[in-house]
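Down below is the structure, laid out as structure tokens.
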Amino acid sequence: METNVNQPIDFIREIIEEDIKTNKNSGRVATRFPPEPNGYLHIGHAKSICLNFGIAAQYKGTCNLRMDDTDPAGETMEYVESIINDVKWLGFDWEDRLFFASDYFERLYDFAEELIKKGKAYVCDLSPDEIREYRRTLTEPGKESPYRNRTVEENLDLFRRMKSGEFADGSRVLRAKIDMASSNILMRDPVLYRIKRTPHYRTGKKWVIYPMYDFAHCLSDAIEGITHSICTLEFENNRPLYDWIVNELIEGEKPRQIEFARLNLSYTILSKRRLIELVEKGYVAGWDDPRMPTIAGMRRRGYTPEAIKTFCNKIGVAKKDNLVDIALLEACVRDDLNENAPRAMCVLQPLKVIIDNYPEGQTKEIECPNHPKNPSLGKRKVPFSKVLYIERDDFSENPPKKYKRLSPDKEVRLRNAYVIKFSHLIKDGATGEIKEIHCTYDPATKDGPSLDGKKVEGVIHWVAASHAIPIEVRLYDRLFTVEDPASKGDDYLNYINPDSLKILYPCFAEHNLKDALPGARFQFERIGYFSLDPKDSTKERPVFNRIVSLKDTWSKLAK
RNA sequence: UGGGGUGUCGUCAAGCGGUAAGACACAGGCCUUUGGAGCCUGCAUUCGGAGGUUCGAAUCCUCCCGCCCCAGCCA
């Protein structure tokens, strides 16, 4: 777990170490991860999760999981469950500290009354349009609401009646009395409570008024004793308001907000609004579509939590806007899987090979290591027989330069087995397509050199036709064709990669794969990493998702 | 345009006045029963630009430029 020994610490940890040194908050460190349950978590959230839980673990503190559910529109229990599931899957533990902002509604309401009593908040009858108008623009100061100077008694009365449901949705709001001339627009008497009759997924119809983010978040932090409230850059403008509310209502230790740059990943999109659109408009098969940058999608694709966490640690934490190369994520996945995934053989695009000098009907069990470097992963038996399948592009009738697979005058090693030599081929008379190729093998070459002692350059994978099992393979590619689809604004849908999913069937896999468990990961040798899809696989038709391809230096060479 | 941020290799990112870490990507080479993996080598004479301070500046000062955020009763 000591992965960051050589890693320089980021600016947030610097702040925290300084706070510990000066004994701020008595040296206590308490963070929280506060998603709104109105969508699934994605890799950007993973960065925040790793940061918050990582800091808590590193400084012997705590990290809470808190549902920031103050706006009933769009929030559901399904999302809550998915969030819990995803954070857990990543391997983090909030112990008994699962909280809901909605559990604080009563206390938040009391805080609001307190603010009114201090003369720092008022009920405003302006319409949304009027409020915007009074707030003016970025360059000119705002104008005070005509309701700004209501008495405390009147405000208290009105606010209580707002709570009891006396007024229509949108007819009145509670506002903080701060400064309509502030250069920070968020400080121009921000709305603290609105009337909304939408039922809340947890509190039902009990409340008709709901606190706004700015009011609820800082106070929830304070209630939970959060010391460092870490959020993304776009909340920087909210910090003066965060501090204002906390200073008006909280005695003693106060939480501190710190902002970092959210993650952007190349060739994908990480805005909740747009991910929802992809799901709802059917561009993907759901939140857990393996092409999605969601935690659920990556899990189904076969990514490991370890790889995702390694990635999050490698990208660092800073305040600069960024667009991280998705190749880094893929490299982390490959690194992890290379070490841990057992190997198997599978032919994606089969070409029939007949070994002419191999006895008809005979089968030899060849023992293959499950991992070339790690014997503790054990061995398995793979049957060899007269008729095999090899990959279509592992044979070339007129090989290009540097081609080292099978060709009419180049012998090749069958992985873990014999060296074979081309004899002749049979083409389909009508199409001219190669139907099958005939070869001879040398029985002496299984664990030795080739026929005449010289080295064979190429090694190809294969599977015995008699024992192979047909499987469906799904090849995934990046979801978008451009590096930064978010920069295309609402046109981003025009840049969806039409080839982000390719389905291959039948592919022929070694029979051992028939016992694979849902989610099990393998390296199909020379191709990539694959995992058994837990949702769409059936006994008759197993479905394997390509997690990530192997690095392919040949395809570069071939160009 | 007011305010708040931010600019260091293709992409992230260290650097905190003493002479540009690392990772991914990329390019070569070695090795190899995965064209995989591994190993080795190369990859910012320069830090958005221009001035200035200093023996010495990516780091300090001044001015300029680019990009991001804020005018929801979203978070």
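Below, chains carry the letters A, B, ... as their sequence lines are ordered, and counting in each starts from 1.
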I need the [atom1]-[atom2] distance between [X] and [N], as an integer number of Å.
X	N	atom1	atom2	result
A:L241	B:G72	CG	C1'	14 Å
A:Y210	B:A75	OH	C1'	16 Å
A:L557	B:U34	CG	C1'	16 Å
A:L186	B:G2	CG	P	19 Å

Heavy atoms only, 4.0 Å cut-off, all strands: where does [X] land among base, sugar-phosphate and nothing?
X	value
A:V324	sugar-phosphate
A:V412	nothing
A:K319	sugar-phosphate
A:L329	nothing
A:E525	base
A:R405	base
A:Y403	base
A:P372	base
A:L265	nothing

Closest to the [X] side chain: [options]?
X	options	value
A:R135	B:C74, B:C70, B:A71	B:A71
A:V191	B:A23, B:C73, B:A25	B:C73
A:R343	B:G15, B:C73, B:U34	B:U34
A:N322	B:C12, B:C69, B:C24	B:C12
A:S183	B:A75, B:G35, B:G2	B:G2
A:K320	B:G36, B:U34, B:A13	B:A13
A:E14	B:G15, B:G2, B:G35	B:G15
A:V459	B:G35, B:G15, B:G5	B:G35
A:N237	B:G35, B:C70, B:G36	B:C70

Look through every strand shown and name the nucleotide pairing with [N] as Watson-Crick or G-U wobble, where both distances are under 3.5 Å.
N	answer
B:C63	B:G49
B:A14	none
B:G2	B:C70
B:C30	B:G38

Should the pair [X] and [Y] be assigned to parallel (<30°), tilted (30 to 60°) or perpendicular (>60°) ring geometry?
X	Y	answer
A:Y40	A:W287	parallel
A:Y193	A:F159	perpendicular
A:Y210	A:H200	parallel
A:F530	A:F524	parallel

Donor-acceptor pair (no angle test) under 3.5 Å: [X] side chain, [N] base:
X	N	value
A:R239	B:G4	no
A:E130	B:C73	no
A:D71	B:C74	no
A:K373	B:A37	yes
A:Q523	B:U34	yes
A:D321	B:G5	no

Check: Should we say atom CD of A:E130 is surrounded by more than 12 heavy atoms from elsewhere, each under 6.0 Å from it?
Finding: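 Counting other residues, nucleotides and ligands, CD of A:E130 exceeds 12 neighbours.
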Check: Could you go step by step and tell me if A:D490 and A:R274 meet the salt bridge (Lys or Arg N to Asp or Glu O under 4.0 Å) rule?
Finding: CA-CA 9 Å; A:D490 289 335; A:R274 292 187 170 134; 3.5 Å; yes
Check: Between A:E234 and A:V317, who's closer to the 5' end of RNA chain B by nearest nucleotide?
Finding: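 Its nearest nucleotide lies further toward 5', so the answer is A:V317.
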Phosphate-side-chain proximity, [X] and [N], N/O vs OP1/OP2 below 4.0 Å:
X	N	result
A:T553	B:G36	yes
A:R194	B:A75	yes
A:K551	B:U34	no
A:R526	B:G35	yes
A:K196	B:C74	yes
A:T70	B:A75	yes
A:R132	B:G72	yes

Margin query: Looking at A:E259 and A:R239, is there a salt bridge between them, counting it only when a charged N and a carboxylate O are closer than 4.0 Å?
Written below: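 Salt bridge: yes.
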Note to self: With syn defined as a glycosidic angle within 90° of 0 and anti as the rest, where does B:G66 land?
What the structure shows: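 Here B:G66 takes the anti form, which means its glycosidic angle is more than 90° from 0.
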Check: Are any of the side-chain heavy atoms of A:I527 and A:E391 separated by less than 4.5 Å?
Finding: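 SC-SC contact between A:I527 and A:E391 confirmed.
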